[in-house]
Amino acid sequence: ECELIPIQTLDANNAIIIEPGTSVSWYDKVSGGNLIASPTLNVPGSSVPFFAEALRGNCISLSRTKVTLTIYPVPHISALGSPVEKCAGFPVVALDANSYIVGLKPGEILTWYDSAVGGNIVSPVIDHIDKVTFYAEASNGTCTISPRVAITLIINPTPDPPKTINGAQYLG
(Lines give C-alpha, C1' and ligand atoms only; values in the text may rest on other atoms or scores of the structure.)
Protein backbone atom coordinates (compact mmCIF):
# COMPACT_ATOMS: atom_id res chain seq x y z
CA GLU A 1 0.00 0.00 0.00
CA CYS A 2 1.02 3.62 -0.40
CA GLU A 3 1.95 5.62 2.65
CA LEU A 4 -0.88 7.52 4.32
CA ILE A 5 -0.80 10.39 6.77
CA PRO A 6 -1.09 9.57 9.59
CA ILE A 7 0.98 6.45 8.94
CA GLN A 8 -1.18 3.36 8.68
CA THR A 9 -0.52 -0.03 10.22
CA LEU A 10 -0.74 -2.98 7.84
CA ASP A 11 -1.74 -6.32 9.36
CA ALA A 12 -0.86 -9.58 7.56
CA ASN A 13 -3.99 -11.21 9.03
CA ASN A 14 -6.01 -9.04 6.63
CA ALA A 15 -4.25 -10.64 3.63
CA ILE A 16 -5.23 -14.26 4.23
CA ILE A 17 -8.35 -16.42 4.27
CA ILE A 18 -8.52 -19.32 6.70
CA GLU A 19 -10.94 -22.22 6.99
CA PRO A 20 -13.50 -22.14 9.82
CA GLY A 21 -12.10 -23.63 13.05
CA THR A 22 -8.53 -22.87 11.98
CA SER A 23 -6.12 -20.50 13.69
CA VAL A 24 -2.92 -18.98 12.36
CA SER A 25 0.59 -18.64 13.75
CA TRP A 26 3.01 -16.21 12.10
CA TYR A 27 6.75 -16.72 11.62
CA ASP A 28 9.67 -14.76 10.21
CA LYS A 29 10.89 -17.65 8.02
CA VAL A 30 9.35 -20.16 5.61
CA SER A 31 10.41 -22.97 7.99
CA GLY A 32 11.68 -22.84 11.54
CA GLY A 33 12.28 -19.23 12.52
CA ASN A 34 10.74 -17.10 15.24
CA LEU A 35 7.09 -16.90 16.19
CA ILE A 36 5.75 -13.39 15.45
CA ALA A 37 3.08 -12.17 17.88
CA SER A 38 1.93 -9.25 15.72
CA PRO A 39 2.55 -9.49 11.95
CA THR A 40 2.24 -5.75 11.32
CA LEU A 41 4.14 -2.98 9.58
CA ASN A 42 3.94 0.79 10.04
CA VAL A 43 7.21 2.03 8.54
CA PRO A 44 6.93 3.86 5.19
CA GLY A 45 9.40 2.73 2.56
CA SER A 46 9.81 -0.73 4.07
CA SER A 47 8.77 -4.25 3.22
CA VAL A 48 8.57 -7.26 5.56
CA PRO A 49 7.73 -10.89 4.74
CA PHE A 50 5.70 -12.94 7.21
CA PHE A 51 4.86 -16.64 6.96
CA ALA A 52 1.46 -17.99 8.07
CA GLU A 53 1.05 -21.49 9.42
CA ALA A 54 -2.49 -22.88 9.82
CA LEU A 55 -3.46 -24.86 12.94
CA ARG A 56 -6.57 -26.97 13.53
CA GLY A 57 -6.64 -29.14 16.61
CA ASN A 58 -3.27 -30.87 16.70
CA CYS A 59 -2.74 -30.61 12.92
CA ILE A 60 -0.40 -28.06 11.33
CA SER A 61 -0.41 -27.06 7.67
CA LEU A 62 2.26 -28.77 5.55
CA SER A 63 3.62 -25.42 4.33
CA ARG A 64 3.49 -21.76 5.28
CA THR A 65 1.93 -18.99 3.22
CA LYS A 66 4.12 -15.97 2.58
CA VAL A 67 2.56 -12.53 3.01
CA THR A 68 4.75 -9.51 2.29
CA LEU A 69 3.64 -6.22 3.81
CA THR A 70 4.94 -3.14 2.02
CA ILE A 71 4.32 0.54 2.62
CA TYR A 72 5.57 2.43 -0.41
CA PRO A 73 6.71 6.01 0.16
CA VAL A 74 4.65 8.79 -1.38
CA PRO A 75 6.56 11.58 -3.13
CA HIS A 76 6.76 14.74 -1.05
CA ILE A 77 7.04 17.94 -3.06
CA SER A 78 6.29 21.56 -2.28
CA ALA A 79 6.28 24.93 -3.99
CA LEU A 80 9.03 27.47 -3.34
CA GLY A 81 6.42 30.20 -3.42
CA SER A 82 3.11 31.10 -4.92
CA PRO A 83 2.13 33.28 -6.56
CA VAL A 84 5.22 33.85 -8.68
CA GLU A 85 5.00 37.29 -10.28
CA LYS A 86 7.16 38.83 -12.99
CA CYS A 87 6.81 41.95 -15.07
CA ALA A 88 6.58 41.60 -18.81
CA GLY A 89 9.74 42.66 -20.56
CA PHE A 90 10.53 42.92 -24.21
CA PRO A 91 10.51 40.19 -25.25
CA VAL A 92 8.36 38.57 -22.56
CA VAL A 93 10.40 36.02 -20.59
CA ALA A 94 8.51 32.77 -19.99
CA LEU A 95 7.74 31.55 -16.47
CA ASP A 96 8.07 27.80 -15.92
CA ALA A 97 6.39 26.34 -12.79
CA ASN A 98 8.90 23.44 -12.79
CA SER A 99 11.47 25.94 -11.51
CA TYR A 100 9.44 26.47 -8.33
CA ILE A 101 8.98 22.83 -7.22
CA VAL A 102 11.30 21.32 -4.61
CA GLY A 103 11.58 17.82 -3.19
CA LEU A 104 11.30 15.79 -6.40
CA LYS A 105 13.62 12.78 -6.11
CA PRO A 106 15.38 10.87 -8.92
CA GLY A 107 12.95 8.49 -10.60
CA GLU A 108 9.88 10.52 -9.58
CA ILE A 109 7.79 12.05 -12.33
CA LEU A 110 6.06 15.41 -12.19
CA THR A 111 2.79 15.85 -14.10
CA TRP A 112 0.98 19.19 -14.36
CA TYR A 113 -2.78 19.70 -14.46
CA ASP A 114 -5.17 22.60 -14.95
CA SER A 115 -7.22 21.71 -11.85
CA ALA A 116 -6.71 20.44 -8.30
CA VAL A 117 -8.65 17.21 -9.05
CA GLY A 118 -9.11 15.54 -12.42
CA GLY A 119 -8.56 18.04 -15.21
CA ASN A 120 -6.24 18.02 -18.18
CA ILE A 121 -2.50 17.51 -18.41
CA VAL A 122 -0.88 20.83 -19.34
CA SER A 123 2.47 22.47 -19.86
CA PRO A 124 3.17 24.65 -16.78
CA VAL A 125 4.62 27.56 -18.73
CA ILE A 126 3.25 31.01 -19.49
CA ASP A 127 4.96 33.31 -21.98
CA HIS A 128 2.52 36.21 -22.19
CA ILE A 129 0.72 38.59 -19.84
CA ASP A 130 -1.55 36.27 -17.85
CA LYS A 131 -2.35 34.73 -14.45
CA VAL A 132 -2.61 30.92 -14.40
CA THR A 133 -2.67 28.36 -11.58
CA PHE A 134 -1.09 25.00 -12.32
CA TYR A 135 -1.31 21.87 -10.15
CA ALA A 136 1.68 19.55 -9.75
CA GLU A 137 1.31 15.83 -9.12
CA ALA A 138 4.39 13.73 -8.32
CA SER A 139 4.52 9.96 -8.81
CA ASN A 140 7.19 7.37 -8.14
CA GLY A 141 5.53 4.77 -10.37
CA THR A 142 3.66 3.18 -7.46
CA CYS A 143 2.34 6.07 -5.37
CA THR A 144 1.13 9.55 -6.25
CA ILE A 145 1.13 12.65 -4.07
CA SER A 146 -2.24 13.92 -2.91
CA PRO A 147 -3.37 16.64 -2.85
CA ARG A 148 -1.70 18.27 -5.84
CA VAL A 149 0.59 21.24 -5.21
CA ALA A 150 -0.73 24.52 -6.63
CA ILE A 151 1.45 27.25 -8.13
CA THR A 152 0.09 30.47 -9.59
CA LEU A 153 2.23 32.17 -12.25
CA ILE A 154 1.60 35.81 -13.10
CA ILE A 155 3.16 37.94 -15.82
CA ASN A 156 2.06 41.53 -15.23
CA PRO A 157 2.03 44.22 -17.92
CA THR A 158 4.84 46.73 -17.70
CA PRO A 159 3.55 50.32 -17.40
CA ASP A 160 4.37 52.91 -20.04
CA PRO A 161 6.83 55.61 -18.97
CA PRO A 162 5.35 58.95 -17.82
CA LYS A 163 4.57 61.47 -20.58
CA THR A 164 4.81 65.22 -20.55
CA ILE A 165 1.73 67.36 -20.95
CA ASN A 166 1.59 68.81 -24.50
CA GLY A 167 5.34 68.40 -24.79
CA ALA A 168 5.77 71.23 -22.23
CA GLN A 169 8.87 71.72 -20.24
CA TYR A 170 8.56 72.63 -16.58
CA LEU A 171 10.75 75.49 -15.53
CA GLY A 172 10.55 75.99 -11.85
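Treat the numbers as computed from the prediction; the structure is a model and nothing was measured.
Note that the CD1 atom of Ile18 and the OG atom of Ser23 stand 7.0 Å from one another [nearest 0.5 Å]. Taken to the nearest 0.5 Å, the CG atom of Leu62 stands 10.0 Å off from the CD atom of Glu53. Rounding to the nearest 0.5 Å gives a distance of 13.5 Å between OG1 of Thr133 and CZ of Arg148. In this structure, CD on Gln8 lies 6.0 Å from CD on Glu1, to the nearest 0.5 angstrom. To the nearest 0.5 Å, the span separating CG on Leu110 from CD1 on Ile145 amounts to 9.0 Å. The distance from the OG1 atom of Thr9 to the CD1 atom of Ile71 is 7.0 Å, given to the nearest 0.5 Å.
Under a hydrophobic-cluster definition in which Ile, Leu, Val, Met, Phe, Trp and Tyr are linked whenever side-chain heavy atoms come within less than 4.5 Å, directly or via other members, Phe50 and Ile16 are assigned to the same cluster. Tyr100 and Ile126 fall within a single hydrophobic cluster, where Ile, Leu, Val, Met, Phe, Trp and Tyr are joined by side-chain heavy atoms under 4.5 Å apart, directly or via other members. No single ILVMFWY cluster, assembled from side-chain heavy atoms under 4.5 Å apart, contains both Phe51 and Val48. Hydrophobic clustering (side-chain heavy atoms under 4.5 Å, transitive across Ile, Leu, Val, Met, Phe, Trp, Tyr) groups Leu104 together with Val84. Note on Ile129 and Leu95: same hydrophobic cluster, where clusters join Ile, Leu, Val, Met, Phe, Trp and Tyr whose side-chain heavy atoms are under 4.5 Å apart, directly or indirectly.
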Item to check | CA sep, side-chain torsions, deciding dist, call: Trp26, Leu35, side chain to side chain contact (heavy atoms under 4.5 Å, CB included) | outcome: CA-CA 6 Å; Trp26 290 95; Leu35 185 63; 5.7 Å; no
Item to check | Test side chain to side chain contact (heavy atoms under 4.5 Å, CB included) applied to Val132 and Leu153, step by step | outcome: CA-CA 5 Å; Val132 181; Leu153 301 181; 5.5 Å; no
Next on the checklist: For a side chain to side chain contact (heavy atoms under 4.5 Å, CB included) check, start with the C-alpha distance between Lys66 and Val30, then their side-chain angles and the critical distance, and finish with the verdict.
Outcome noted: CA-CA 7 Å; Lys66 181 179 181 181; Val30 71; over 6 Å; no
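Considering all non-hydrogen atoms of both residues, Arg64 and Lys29 come closest at NH1-O, 2.9 Å. Residue Glu137 comes nearest to Thr144 through the heavy atom pair CG-CG2, 3.1 Å, listed as atom of the first residue, atom of the second, then distance. Of all the heavy atoms in Gly81 and Ile151, the pair that sits closest is O-CG2, 4.3 Å. Cys143 approaches Tyr72 most closely through the heavy-atom pair SG-CB, 3.4 Å. Nearest heavy atoms, Leu69 versus Leu10: CD1-O, 3.6 Å. Across all non-hydrogen atoms, the minimal contact from Phe134 to Ala97 is CD1-CB, 4.4 Å.
Contact annotation: the side chain of Pro124 approaches that of Asp96 to within less than 4.5 Å [non-hydrogen atoms, C-beta and beyond]. Side chains of Ile154 and Asn156 form a contact here, defined as non-hydrogen atoms less than 4.5 Å apart. You'll find the side chain of Ile155 stays beyond 4.5 Å of the side chain of Asp130, heavy atoms only. Residues Pro39 and Asn13 meet the side-chain proximity criterion, which asks for heavy atoms closer than 4.5 Å. Looking at heavy atoms from C-beta onward, Thr111 lies out of side-chain contact with Ser139 at the 4.5 angstrom threshold.
Legend: residues meeting side chain to side chain donor-acceptor pair (under 3.5 Å) with Asn34, ordered by chain and number and at least two apart, are Asp28. Residues forming a salt bridge (Lys or Arg N to Asp or Glu O under 4.0 Å) with Glu108 (at least two apart in sequence, or on another chain): none.
At distances below 3.5 Å, not a single donor-acceptor pair connects side-chain atoms of Asp114 with backbone N or O atoms of Val122.
Residue Trp112 forms a side chain to side chain contact (heavy atoms under 4.5 Å, CB included) with just one option from Val125, Ile101, Val149, and that option is Ile101.
By the neighbour-count criterion of 12 heavy atoms within 6.0 Å, atom OH of Tyr27 is densely surrounded, having more than that number from other residues, nucleotides or ligands.
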